[in-house]
2 protein chains.
Amino acid sequence: MSNITLKELAMKLGISVSTVSKALNDSFEISDETKQRVRDMADEYNYRPNILAKSLKTGRSNTIAVIIPYLANPFQSQILEGAQQAANERNYKLVFMQSRENAELEADSLRTLHQQNIDGVIITPSADSNLKYLKQFHQLCPLVLVDRIDFDLPTFKIGVNNEKGAFDATQHLIDMGRTDILVLCGKNIGVSQKRIAGYKKALLANYITAKEENIIQVDYGQSREDLIKNLTNLLANKLKEHDNPIGLLGTTDTLTVNALGILSKLEISVPAQVAVIGFANTEIAESLNPSLSTIIQPAFEIGYKGVEKLIQMVESKNRFQIDFDTTILDTTIIQRRSSKA
Amino acid sequence: MSNITLKELAMKLGISVSTVSKALNDSFEISDETKQRVRDMADEYNYRPNILAKSLKTGRSNTIAVIIPYLANPFQSQILEGAQQAANERNYKLVFMQSRENAELEADSLRTLHQQNIDGVIITPSADSNLKYLKQFHQLCPLVLVDRIDFDLPTFKIGVNNEKGAFDATQHLIDMGRTDILVLCGKNIGVSQKRIAGYKKALLANYITAKEENIIQVDYGQSREDLIKNLTNLLANKLKEHDNPIGLLGTTDTLTVNALGILSKLEISVPAQVAVIGFANTEIAESLNPSLSTIIQPAFEIGYKGVEKLIQMVESKNRFQIDFDTTILDTTIIQRRSSKA
DNA sequence: TTGTAAGCGTTATCAC
DNA sequence: GTGATAACGCTTACAA
């Protein structure tokens, strides 16, 4: 029924508990013969160490956490998947929390996790995250930043090459003959600046003047309403003037898919009137009408690497002396019908 | 830095550890005065009990798990969200695993969780789940079934009224003037039978003869290829014959969205040529072109209730004597452009 | 009403 | 190479 314990194994073997413990931990102090006997017996009785006891002893719970803004966001949920896999492979438990782009919920989550004896946390900070609090928390508990990594926090960071991703996407739209290019991005989410920079660089490289009004910043809270209003006005004008061929770059899953929905409601044809490409990590892109060209981020890998780094920190003797590095992964571009010439 | 312990508190207060422990647990043995002194001191030093020690003592880890087939499935991820919230409110940690519709991975996950001293598990069994193994596991560790609940396992079950959901959807298509109605469903996923039954009932109620060829069963493994082939052939014939107005009912998120993508590639217009409605728990439905009519399942609530029931079982004195009940929740229907007359 | 002490299952220190 | 023993922080009989 309940698991056999070290003590019971020791009794059966007629040796001491500490010897059994050492044998199972492959200590150099124990003879090969004893080790073998112990291991055989352990197998026979299907011994499983009591993690709870081990935890109490070592002070570590073998549990780490992921905090993301929204599980419903496919990109973020893929980060979680990667983290889950890495945690699993290393026999760590993984719990997750959502911050809902809310600094207070984020802080609450961190507090809860800390009380629950979590060994470390991987976080994509919320849009209005409180850096001071993160720093303070990092003193108590290892923290790794993923995706939104533009924070002045001495730790491991895993992100993507946002500038290059946005550059490639913009260049693609230009290659498709679009010279008037809108860009949608979330307010305050850290990655936006780099993406806008990439967008501008691409324009510059093609001798196209960047217009500030083409950069639409959307607040997460009322993203849909904001977006509908802004997009509708802007496009109405542009399409009336019959100026330059229009392109649209969405810098997040949600914004891009929403924008497609809005265009469809406005009966603006894609790609004929507006060519669209977006950062999007969902298979649904293929099934959209028209299918959506995307910049794909290696979300799974971000989560996976995040856990590797975190565990490295958790298990290190002195986590304040680690040589922290930042990992930047590349995006890939997939062309579909939404941006065909 | 590190948390203050009971022992240290006791020292400071000049009383014994057990008195402090009892005071903090509001034991009737302790005087109000002492309780107050202890609580004040505990607050002052920001005392947090060491969960690990408590766990070792009680034998429970205060951690529960959710196993779902795919996190990428919006319906399933919403179940997870609900579970997460309920767990959080009760100060339980929640870990999750994916079975990828694979009985072996599922069993592996259960084993891993059991070794990790999980207190209980909420599971949506995979398509080919091994009932025997589930039963066996349930002897060791509390199990609650969610969504796919048609299993002969004596435990709490939370699901939706699949028959009624499918009935409503089919009736809606009929109301929209469709009399030749296709239905897409996953093979072996338990809920399909009920949904097909609802579909047939609706046809019957409207004096429409059910045709077996209209029921398309798709294997998860090669769902996309299967679907493309089946749908393409079937629709090609139907559209050639210009018979009855066609409707399409998708019984899962994935199938429905994929079907929409396929229709769009085949340049079949929705809803003019084929009206579509599907079980789908994603906001993206609104942004699709055309926007997708959906049957929405109360996924969050399923997860939430699942955790409530599970914790009830975990904390009960004798979990083998509980009066297990099954909760059936209703679906709601949202009409959008994909099924407009 | 409060205190003493055992024990949960490990690991680690030190003696033999 | 092996074994006693303490310790991790808490709960809980039982003693006072």
Side-chain angles (χ1 to χ4, degrees), chain A residues 1-39 41-42 45-63 91 93 114-119 314-315 317, chain B residues 1-39 41-42 45-63 91 114-119 315 317:
Chain A
M1 206 59 37
S2 182
N3 260 332
I4 191 171
T5 68
L6 276 191
K7 207 200 241 172
E8 294 166 314
L9 272 184
M11 293 260 296
K12 290 194 195 292
L13 286 159
I15 59 181
S16 77
V17 175
S18 50
T19 305
V20 177
S21 171
K22 286 173 188 165
L24 289 173
N25 288 316
D26 203 21
S27 161
F28 64 94
E29 303 174 78
I30 305 296
S31 72
D32 289 345
E33 197 204 324
T34 307
K35 280 183 189 171
Q36 203 47 56
R37 278 184 61 221
V38 172
R39 281 199 271 255
M41 186 68 81
Y45 286 91
N46 196 22
Y47 169 76
R48 299 284 157 222
N50 181 326
I51 299 201
L52 268 25
K54 193 181 206 160
S55 291
L56 175 59
K57 190 65 192 163
T58 61
R60 290 201 269 110
S61 62
N62 248 263
T63 307
N91 251 294
K93 281 172 278 188
H114 188 231
Q115 280 184 225
Q116 291 181 336
N117 262 289
I118 290 299
D119 294 339
V314 166
E315 294 180 349
K317 288 290 155 218
Chain B
M1 208 60 36
S2 182
N3 260 332
I4 191 171
T5 68
L6 276 191
K7 206 202 240 170
E8 295 166 315
L9 272 183
M11 293 261 295
K12 290 195 196 290
L13 286 159
I15 59 181
S16 79
V17 176
S18 61
T19 305
V20 177
S21 170
K22 287 173 187 166
L24 289 173
N25 288 317
D26 203 21
S27 161
F28 65 93
E29 302 174 77
I30 306 296
S31 71
D32 288 346
E33 197 204 322
T34 307
K35 280 183 188 170
Q36 203 47 58
R37 278 185 60 220
V38 172
R39 280 200 272 255
M41 185 69 80
Y45 286 92
N46 197 20
Y47 169 76
R48 299 283 156 224
N50 181 326
I51 299 202
L52 268 26
K54 194 181 208 161
S55 292
L56 175 57
K57 190 68 191 160
T58 61
R60 290 201 268 110
S61 61
N62 249 263
T63 307
N91 252 294
H114 188 230
Q115 281 184 224
Q116 291 180 337
N117 261 289
I118 290 298
D119 294 339
E315 294 181 349
K317 289 289 153 217

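In what follows, every chain begins at residue 1, and chains take the letters A, B, ... in the order their sequences are listed.
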Asker: To the nearest Å, how far apart are B:R48 CZ and D:dC10 C1'?
Answerer: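 Roughly 16 Å, once rounded to whole Å.
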Asker: Using whole Å, what does the distance between atom P of nucleotide D:dC14 and atom CD of B:E29 come to?
Answerer: 12 Å
Asker: Near DNA chain D, under 4.0 Å by heavy atom, which residues of residues 49-62 of chain B?
Answerer: B:P49, B:N50, B:A53, B:K54, B:K57
Asker: Looking at D:dT2, D:dG3, C:dG3, which one has an atom nearest to any side-chain atom of A:I30?
Answerer: D:dT2
Asker: Does B:K22 contact C:dG3 through a side-chain donor or acceptor facing the base, at a distance under 3.5 Å?
Answerer: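 Result: at least one qualifying N/O pair found.
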Asker: Just one of A:S18, A:P49, A:S21 clears the side-chain contact (heavy atoms from CB on, under 4.5 Å) bar with A:L6, so which one?
Answerer: A:S21
Asker: I need the CG-P distance between A:L24 and C:dT11, as an integer number of Å.
Answerer: 8 Å
Asker: Using a distance-only criterion (donor-acceptor N/O pair, under 3.5 Å, no hydrogens), is the base of C:dT4 paired with the side chain of B:S18?
Answerer: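 Yes, a donor-acceptor pair under 3.5 Å.
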Asker: Pick one: which of A:I30, A:T5, A:L13 meets side-chain contact (heavy atoms from CB on, under 4.5 Å) with A:V20?
Answerer: A:L13
Asker: Rounding to an integer number of Å, can you tell me how far B:N25 CG sits from D:dC10 P?
Answerer: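 Going from CG in B:N25 over to P in D:dC10 covers 10 Å.
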Asker: Please report, rounded to the nearest Å, how far the C1' atom of C:dT1 is from the CG atom of B:D32.
Answerer: 12 Å
Asker: Under 4.0 Å: is that the gap between some side-chain N or O of A:S21 and OP1 or OP2 of C:dA12?
Answerer: no
Asker: Assess the residue pair B:D119 and B:E315 against the criterion (side chain to side chain contact (heavy atoms under 4.5 Å, CB included)); give the C-alpha distance rounded to whole Å, side-chain angles, the decisive distance to 0.1 Å, and a yes or no.
Answerer: CA-CA 9 Å; B:D119 294 339; B:E315 294 181 349; over 6 Å; no
Asker: Figure out the CD/C1' separation between B:E8 and D:dC8, and round it to whole Å.
Answerer: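 Spelled out: CD on B:E8 to C1' on D:dC8 is 12 Å.
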Asker: Roughly, in whole Å, what's the span from CE in A:M11 to P in D:dA4?
Answerer: 13 Å
Asker: Does C:dG9 have its OP1 or OP2 closer than 4.0 Å to a side-chain nitrogen or oxygen of A:Y47?
Answerer: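 The answer is no; no side-chain N or O of A:Y47 sits under 4.0 Å from OP1 or OP2.
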Asker: Send over the distance from A:L9 CG to C:dG9 P, rounded to a whole Å.
Answerer: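 Interatomic distance, CG of A:L9 to P of C:dG9: 12 Å.
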Asker: State whether A:T19 places a side-chain N or O below 4.0 Å from either non-bridging phosphate oxygen (OP1 or OP2) of D:dT2.
Answerer: no
